[in-house]
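Written out below as structure tokens is the structure these notes cover.
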Amino acid sequence: ELLKKAIELKPNDPQLHFNVGVLTSKQGYAEEAISHFQNAIRLKPDYSDAYYSIGVLITEKETSIIEEMNKTSDFDRYDELLLKRKEVYLEALPYFENALKYNAKSPEIMKTLIGLYELLEMYDKQKETKEISLALSVFFPSVTCRSFHCTSSLSSSAFSQSNISV
């Protein structure tokens, strides 16, 4: 209720929409959170954190897919689930790419993309992103280029690290 009122008072504030999206996602309302992040992007098209947050929420759809993959003994069903998981990654990919486009030195976004490119077998893009990451690590030692293995959501820490200033 208070969040809706805040948005009514400042409807053109992208940071407010982003913060409401973070809070909404923490409450478990992914679709509503995505809508707030999209509003933040509409108001500020280069809002890297909003793109990243949408990508994270989309990839969280994989959790139930992986759980079912781990339970099934039906090879055909397993293959169907693999394809479904790949579709989730493909849906999230442009959001992570836009996040990097507007925050080109982010090690977290680079690591996420390197892992996604590997999972999607997009090895040329993975190599290119790793090379950029390595080049940046010379100037920014905290940047690493290790890929990850997805067993649940790609980055549930995105929302716990967000700064909220409503």
Should we say atom CG of Asp124 is surrounded by more than 12 heavy atoms from elsewhere, each under 6.0 Å from it?
no
Above 12 or not: heavy atoms from other molecules or residues under 6.0 Å from OH of Tyr102?
yes
Tyr117 meets the ring pair (Phe, Tyr, Trp, His ring centres under 6.0 Å) criterion, sequence neighbours left out, with none
Please list, chain by chain and in numerical order, all residues satisfying ring pair (Phe, Tyr, Trp, His ring centres under 6.0 Å) with Tyr95, sequence neighbours excluded.
none
Do Glu97 and Tyr51 meet the criterion of a side-chain donor-acceptor pair at a distance under 3.5 Å?
no
Going by atom types only, do Tyr52 and Thr112 share a side-chain donor-acceptor pair under 3.5 Å?
yes
Stepwise, does the salt bridge (charged side-chain N to carboxylate O under 4.0 Å, His left out) test hold for Arg77 with Asp79?
CA-CA 5 Å; Arg77 179 66 182 145; Asp79 289 341; over 6 Å; no
Any salt bridge linking Lys125 with Glu128? Criterion: basic side-chain nitrogen under 4.0 Å from a carboxylate oxygen.
no
So do Leu3 and Leu16 actually touch side chain to side chain, heavy atoms under 4.5 Å?
no
OG/Ser53 to CD/Gln38 distance, rounded to the nearest 0.5 angstrom?
12.0 Å
Which residues pass the side chain to side chain contact (heavy atoms under 4.5 Å, CB included) test with Leu90, sequence neighbours left out?
Lys86, Leu120
Are Tyr29 and Leu23 in one and the same hydrophobic cluster, where Ile, Leu, Val, Met, Phe, Trp and Tyr link if side-chain heavy atoms are under 4.5 Å apart?
no
